[in-house]
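Here is the structure we will look at, set down as structure tokens.
As the structure lists them, so they are numbered: ligands from 1, and atoms in each ligand from 1. Keep in mind the model is a prediction, meaning the values are calculated, not measured. Residue numbers run from 1 in the order of the sequence given.
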Amino acid sequence: MNCKVGINGFGTIGKRIADAVALQDDMEVVGVSKTSPNYESKLALDRGYPLYCAVSERLPNFREKGMDVKGGLEELIEQSDIIVDCTPGGVGAKNSELYQEMDVKAIYQGGEDHEVAGFSFNSLVNYIDAYGRDETRVVSCNTTALCRTLYPIKREFGIDKVRATMIRRGGDPKQDERGPINAIKPKMKVPSHHGPDVMTVIPDLDIDTTAVKVPTTIMHFHSINVELSETDVKPNDIIEVLEETPRVTFVDEDIGVKSTAQIIELARDAGRPRNDVWEIPVWRDSVVIKDNELYYFQAVHQESDVVPENIDAIRAMMELEKDSTKSIEKTDKTLNLNQML
Ligand code: NAD
């Protein structure tokens, strides 16, 4: 019998996870919740996902708009073996009490603190530690991207220190009130929170990060500098290891992939749903080693890179698959993840 997945919050992340769950043969979407009867609620109904109202007193608003709503959040939880909480940051922590009271497993997103679940997940790093767990936090888009490339480099060559700058998008494409519109806005908290967040997944990694917001909506960008422990490592050694790493891909400047804009164009040309780029693209020519210090650039499609991780987290927590490699392969095959770049 398929595992029954409820998705609380059907926004940027929730709608992508719902579509990914629907593609799996070992799980199914039993419902999604919204707080208002907007265009995403309509999309849920069009996709055939049972719609629930996350805030019970707003239930009549859905019916006024002619939307068939099945009930409130408690009713969604009753239908579910596991809830994937995709509400805005901070709301998940408030919901956690209800999930515990109603004895349902829960996955939280990166907008919540590590403490919400006491465990932060990345498929490559700690899949097995999520096996059978009741609560897990899938880390943010930036943290997921940093873990995907730094973990295999650390495993193969050792890392003494990482310094990385996050060039962050101002908002997601649908967020018409975010910014900046015409400025570069540095985060004055130095180092930024991203480094400590990576350490919730890879505790023995020495990493400091800084962050800057820029007027773009399509992707984040990371400029990464790594002091390697092993000497005499060559750029090709790094490229070979990352080529073997799931959900990391290379892009090449010499065939015109010079910016995040062209990466999104590749996704559009490939017919990816919503232009999603689930893998982390690394610029091949940016992989340079100077005096044992590695440099590279990577891009992050903030709206989608955490989606495969959520599918693996469901599989581990529900004990559907013990082997991380098998889960990763299954998820990636259903998403056609290796078919694009
Ligand atoms: P979003 O605003 O696009 O979607 C949030 C959804 O939750 C909406 O459907 C909204 O109707 C619903 N919602 C609002 N208040 C609610 C409440 N009280 N109870 C239930 N539902 C409520 O947000 P998002 O970008 O999908 O972010 C969701 C989570 O994923 C956050 O923790 C965020 O930090 C994290 N995340 C976001 C991104 C990104 O770039 N968008 C990337 C990785 C992780």
| query | Strictly by modelled atom types, are Tyr108 and Asp113 linked by a side-chain donor-acceptor pair under 3.5 Å? | reply |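 No, no side-chain donor-acceptor pair sits under 3.5 Å.
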| task | Classify the side-chain pair Arg148/Gln298 by whether it contains a donor and acceptor separated by less than 3.5 Å. | result |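 No donor-acceptor contact under 3.5 Å links the two side chains.
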| request: Compile the protein residues with any heavy atom at a distance under 4.0 Å from an atom of ligand 1; present them by chain, then by number. | output: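 Within 4.0 Å of ligand 1, protein side: Asn8, Gly9, Phe10, Gly11, Thr12, Ile13, Lys34, Thr35, Ala54, Cys86, Thr87, Pro88, Gly89, Val91, Gln109, Gly111, Cys141, Arg169, Asp172, Lys174, Gln302.
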| field | All salt bridge (charged side-chain N to carboxylate O under 4.0 Å, His left out) counterparts of Glu40, not counting sequence neighbours | value |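 Here the qualifying residues are Lys15, Lys34, Lys174.
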| message | Taking atom CG as the centre, does Asp103 end up with more than 12 heavy-atom neighbours from other residues, nucleotides or ligands that are less than 6.0 angstrom away? | response |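 No - once you tally the heavy atoms of other residues, nucleotides and ligands closer than 6.0 Å, there are 12 at most.
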| query | With Ile181, which residues qualify under side chain to side chain contact (heavy atoms under 4.5 Å, CB included), at least two apart? | reply |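 Expected list: none.
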| field | All ring-ring contact (aromatic ring centres under 6.0 Å, His included) counterparts of Phe221, not counting sequence neighbours | value |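 Expected list: Trp283, Phe297.
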